[in-house]
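Below: one structure, written as structure tokens.
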2 protein chains.
Amino acid sequence: MWWGRVGAMTEQPALTPAAERVLEVVEKLFYDNGIHAVGVDMIAAEAGVTKKTLYDRFGSKDAIVRLYLERRDVRWRAHVTGVVEQSGRFGPRRRVLLMFDALESWMAAENPRGCAFVNALAELPDPDHPARPAIAGEKQWVLDYLRQLVRDTGARNPRKLAASLFMLFEGATVAASLDVVAGAVAGARDAARQLLDAAL
Amino acid sequence: MWWGRVGAMTEQPALTPAAERVLEVVEKLFYDNGIHAVGVDMIAAEAGVTKKTLYDRFGSKDAIVRLYLERRDVRWRAHVTGVVEQSGRFGPRRRVLLMFDALESWMAAENPRGCAFVNALAELPDPDHPARPAIAGEKQWVLDYLRQLVRDTGARNPRKLAASLFMLFEGATVAASLDVVAGAVAGARDAARQLLDAAL
DNA sequence: CGGCAAGTAAACCGACCGGTATATCTACTC
DNA sequence: GAGTAGATATACCGGTCGGTTTACTTGCCG
């Protein structure tokens, strides 16, 4: 299984139960409502934790935002690799297209409001915000993963093809969350197949 | 010149000078900082207007947000149609690809932080927010415009092709703002050309 | 047994949130 | 010249923002 530069992500190992609860509730609160719209008082109340504990564990709201994105990224990568590397041993061409199947199930299950990282970027214009590396890291991982899968197919110009597939991928996420195109992800997969076959 | 369902947008005709100043400054404030991050006091101060005047003219911050997006949409459509329908009379295939040239110049000039409508959607989870129609309207217009251009080429399955181009379009916007792919929009245009030529 | 980390409860900080109040001034129009 | 629309200035509303503080309790571990 190819995990890419997952080593760039440092997950602190032992979280206290209260801290764990905080990170569990912010996943839903931040994704559903946006980051600015959720105050620390709401987080503390929803997690059944006092603000004192919250600040003792994390130090700042920004740190919680960073952890929120890092943990979502871990779940996302596990989902994608789980689908792509699933039981049956598929050929490299099929595995590229499985990326879009992974996206489709992710959208239905966890992503109805679009990409959490794109949404977070919209709310965090500061280039020095501690959560920025998590945002850039997720996108870079998807691109790198696509590049690897494309390279395995032996396609011509794999970097350029991977970039095109990446854009179809991100565009399908936007289109699906906006509900403006029916069957957006399936359509993106069909387009990806065309581009892929033309490069083989 | 084909303007699509622009009639759906009602622009009140006579704005007072103070109101005009408000809408001018929020364009930059909202896009650069996000919507929640900009308070009405900041808007009033930046426009050189009192909060009283602001509320007399617009009634609520949400109404200002709606107008912000509607006015940006007007500028965006004018930019796109201006590029696509420019002086030289191009063929339908070329005009489809000009959409991506329009996007490229727009990104450089006005859109470094990504699509204002996607960003706004990230901050406005309420389906009943008064700005929601402006967001849906912009995306629908782009899709409809692409459909019309594709139809003119005589391509097979124009609706499906337009949907694929739409996703490349949105994905290129995301990729360009994230700066993760070099030459994102140009790459998307190349992929669009491939899909288009395969359907002719 | 002593110490410490983790937790609760609740008040407090200055600043800002969206929105409203009263009162005054100016400029244009019937 | 009276009326009115648009603007000004300024103070205020209750509530929330991110963040801090003090005081006390709990449970584990050496």
Side-chain angles (χ1 to χ4, degrees), chain A residues 11-69 120 122-126 128-132 134, chain B residues 11-27 29-69 120 122-126 128-132:
Chain A
E11 8 177 355
Q12 60 264 56
L15 285 170
T16 66
E20 192 63 52
R21 254 179 294 147
V22 167
L23 293 182
E24 268 165 30
V25 302
V26 296
E27 177 105 14
K28 184 167 180 51
L29 287 176
F30 282 154
Y31 183 76
D32 288 348
N33 304 105
I35 293 169
H36 282 327
V38 177
V40 287
D41 296 276
M42 187 190 298
I43 295 172
E46 206 74 19
V49 163
T50 58
K51 288 172 69 177
K52 171 82 160 58
T53 298
L54 195 151
Y55 276 93
D56 284 348
R57 296 297 129 247
F58 302 105
S60 71
K61 182 187 179 184
D62 284 345
I64 298 176
V65 171
R66 187 185 109 245
L67 288 170
Y68 150 61
L69 291 171
E123 293 202 71
L124 308 175
D126 176 12
D128 296 324
H129 192 284
R132 279 294 196 99
Chain B
E11 8 178 355
Q12 60 262 57
L15 285 170
T16 65
E20 191 64 51
R21 254 178 293 146
V22 167
L23 294 182
E24 267 166 30
V25 301
V26 295
E27 177 105 13
L29 287 176
F30 281 154
Y31 184 75
D32 289 348
N33 304 105
I35 292 169
H36 282 327
V38 177
V40 287
D41 296 276
M42 187 190 299
I43 295 171
E46 206 75 18
V49 161
T50 59
K51 287 173 70 177
K52 173 76 162 61
T53 297
L54 196 151
Y55 276 92
D56 283 349
R57 297 295 129 246
F58 301 106
S60 72
K61 183 189 178 182
D62 284 345
I64 298 176
V65 171
R66 188 185 108 244
L67 288 169
Y68 150 62
L69 291 170
E123 292 201 73
L124 308 176
D126 176 11
D128 297 324
H129 192 285
R132 278 296 196 97

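Please read all numbers here as calculations on a predicted model, not as lab measurements. Chain naming here is simple, since letters A, B, ... match the order of the sequence lines and numbering starts at 1 in each.
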*Give the rounded distance in Å between these two atoms: NZ of A:Lys61 and C1' of C:dC16.*
14 Å
*asked:* Looking at A:Thr53, I'd like to know whether one of its side-chain N or O atoms comes within less than 4.0 Å of OP1 or OP2 on C:dT8.
replied: yes
*Work out which heavy atom in A:Asp62 is nearest to a heavy atom in A:Pro130; give both atom names and the distance.*
CB-CG, 3.8 Å
*Could you state the atom-to-atom distance from NZ of A:Lys52 to P of C:dA5 in whole Å?*
12 Å
*Of the non-hydrogen atoms in A:Arg21 and A:Val49, which two are nearest, and what is the gap between them?*
NH1-CG2, 3.8 Å
*asked:* Donor-acceptor check, side chain of A:Arg57 to backbone of A:Leu15, threshold 3.5 angstrom: yes or no?
replied: no
*Using whole Å, report how far CZ of A:Phe58 lies from P of C:dA6.*
12 Å
*At under 4.0 Å, does any side-chain N or O of B:Tyr55 touch on OP1 or OP2 of C:dT20?*
no
_Closest approach of B:Lys61 to B:Val40 (non-hydrogen atoms, all atoms of both residues)_ = CB-CG1, 3.9 Å
_Closest approach of B:Ala47 to B:Val25 (non-hydrogen atoms, all atoms of both residues)_ = CB-CG2, 3.8 Å
*Is the side chain of B:His36 donor-acceptor paired with the backbone N or O of A:Ala37 at a distance under 3.5 Å, no angle test?*
no
*Supply the atom-to-atom distance A:Ile64 CD1 to A:Phe30 CZ, rounded to the nearest 0.5 angstrom.*
6.5 Å
*Walk along DNA chain D from 5' to 3' and tell me the first and last nucleotide with an atom closer than 4.0 Å to a non-hydrogen atom of chain B.*
D:dG6 to D:dA9
*DNA chain C-proximal residues of residues 27-49 of chain A, any heavy atom under 4.0 Å*: A:Gly48, A:Val49
*asked:* Show the nearest heavy-atom pair for residues B:Phe58 and B:Ala63, with the distance to one decimal.
replied: O-CB, 3.4 Å
